[in-house]
Amino acid sequence: GGNVDVGEVSFPLLPGWSASKQTQNNITLQYNSAKDDKAFALIGVEPVQGDIKEALRKLAFGSFRGFDLKLDHVIERQTAQGFPAAYFDEYARDQKRKQKLRFLGVAIAVNGRMQVGFVMTPDGADSYARKREFEQMVGSWKFHNAPATWDPTTPPSGSGGIQGLYWGTS
């Protein structure tokens, strides 16, 4: 348990996950269970150059050279706050151990930096649970320096005196 602060974000650690090493810009998390299930997550921050989808692909290929990642299906989206985001979810083989792993990667661009998270878990009965936990942790990221979340219940001043709940269109 406990809270983690790394790069641009803080988030709560879920049960079963612990920090194995941390620097200012990244942290390695490990999941261990009595059944010897293992999973690794790497969360960090990188400068972002150009397109976030390409930046995530480059970083994943560069960071995980021992795996046969394809990364043909990196999805680009925007977060609820309007930040550019990208993610992938695929299987890859560890070329040394000949083991099939499930890989997830996510990146969110805020203030010219890319907050990234990767998780690797052996393909098996528990890989779905680890994937859900990782998504939960990423979903709870709080950005320290992000522009404030826009709250539709309190329109900014200069909104023509509109009161109450309203939605903007882009």
Side-chain angles (χ1 to χ4, degrees), residues 1-49 52-53 55-64 66-67 69 71 74-92 94 101-154 156:
N3 249 7
V4 173
D5 250 312
V6 63
E8 300 274 335
V9 301
S10 60
F11 61 95
L13 263 188
L14 292 179
W17 289 90
S18 59
S20 57
K21 58 179 196 235
Q22 181 166 10
T23 67
Q24 192 186 342
N25 286 334
N26 61 60
I27 188 168
T28 305
L29 304 176
Q30 197 169 342
Y31 180 89
N32 287 317
S33 79
K35 293 189 305 188
D36 200 38
D37 291 327
K38 277 200 183 341
F40 291 94
L42 181 66
I43 294 173
V45 68
E46 295 280 333
V48 63
Q49 288 126 2
I52 188 155
K53 193 169 145 179
L56 179 62
R57 289 185 75 216
K58 266 193 198 124
L59 185 64
F61 280 134
S63 303
F64 304 105
F67 300 90
L69 286 169
L71 302 184
V74 179
I75 315 286
E76 199 166 349
R77 292 274 185 275
Q78 273 198 338
T79 67
Q81 296 81 23
F83 302 124
Y87 69 93
F88 66 84
D89 178 357
E90 69 173 54
Y91 292 94
D94 176 341
L101 298 167
R102 186 168 195 168
F103 259 88
L104 267 82
V106 65
I108 300 173
V110 177
N111 298 337
R113 294 174 72 173
M114 176 171 76
Q115 186 73 41
V116 290
F118 295 108
V119 70
M120 279 174 289
T121 174
D123 180 30
D126 294 308
S127 70
Y128 184 73
R130 299 298 81 80
K131 167 192 153 86
R132 299 289 305 141
E133 290 163 358
F134 175 72
E135 288 170 345
Q136 231 178 307
M137 285 191 279
V138 168
S140 67
W141 282 358
K142 297 217 179 346
F143 288 85
H144 307 303
N145 304 314
T149 309
W150 179 64
D151 176 1
T153 59
T154 54

Exercise. State, with a plain yes or no, whether a side-chain heavy atom of Glu135 is found less than 4.5 Å away from one of Leu104.
Key: yes
Self-check item: Pairwise distance OG(Ser140) to CG(Leu14) - rounded to 0.5 angstrom
Solution: 7.0 Å
Quiz item: Arg102 pairs by salt bridge (charged side-chain N to carboxylate O under 4.0 Å, His left out) with which of Asp89, Asp126, Asp123?
Solution: Asp89
Quiz item: Atom CZ of Phe118 and atom CZ of Phe103: how far apart are they, to the nearest 0.5 Å?
Solution: 8.5 Å
Quiz item: Just how far is it from atom CD of Gln24 to atom CG of Asp5, taken to the nearest 0.5 Å?
Solution: 10.5 Å
Exercise. Search all heavy atoms of Ile27 against all heavy atoms of Ala19 and return the closest pair with its distance.
Key: CD1-CB, 3.7 Å
Exercise. Could you tell me whether Tyr128 atom OH has more than 12 heavy atoms of other residues or ligands within 6.0 Å of it?
Key: no
Quiz prompt | Between CG on residue Asn111 and CD on residue Glu8, distance to nearest 0.5 Å | solution = 5.5 Å
Quiz prompt | Heavy-atom side-chain proximity of Arg130 to Trp17 below 4.5 angstrom | solution = yes
Practice problem: Using a 4.5 Å cut-off on heavy atoms from C-beta on, say whether the side chain of Phe11 contacts that of Val6. | Solution: yes
Quiz item: Minimum heavy-atom separation for Ala60 to Leu69, with atom names?
Solution: O-CD1, 4.0 Å
Quiz item: Going by heavy atoms in the side chains, are Tyr87 and Arg77 under 4.5 Å from each other?
Solution: yes
Quiz item: Is any side-chain heavy atom of Leu29 less than 4.5 Å from a side-chain heavy atom of Met137?
Solution: yes
Quiz item: Does any non-hydrogen side-chain atom of Gln81 lie less than 4.5 Å from one of Ile108?
Solution: no
Self-check item: Check: Glu90 side chain, Leu71 main-chain N or O, donor-acceptor pair, under 3.5 Å
Solution: yes
Quiz item: Where do Gly117 and Ile43 come nearest, in terms of heavy atoms and distance?
Solution: CA-CG1, 4.1 Å
Self-check item: Closest approach of Ala107 to Val116 (non-hydrogen atoms, all atoms of both residues)
Solution: CB-CG1, 3.8 Å
Quiz prompt | CG-OG1 distance between Leu101 and Thr121, expressed to the nearest 0.5 angstrom | solution = 7.5 Å
Quiz item: Heavy-atom distance under 4.5 Å between the side chains of Thr28 and Gln22, does that happen here?
Solution: no
Self-check item: Minimum heavy-atom distance Val48-Ala55, with the two atoms named
Solution: CG2-CB, 4.0 Å
Quiz item: For Trp141 and Gln115, does a side-chain donor sit closer than 3.5 Å to a side-chain acceptor?
Solution: no
Self-check item: Leu56 to Met114 - nearest heavy-atom pair and separation
Solution: N-SD, 4.2 Å
Self-check item: Between CE on residue Met120 and CZ on residue Phe134, distance to nearest 0.5 Å
Solution: 10.5 Å
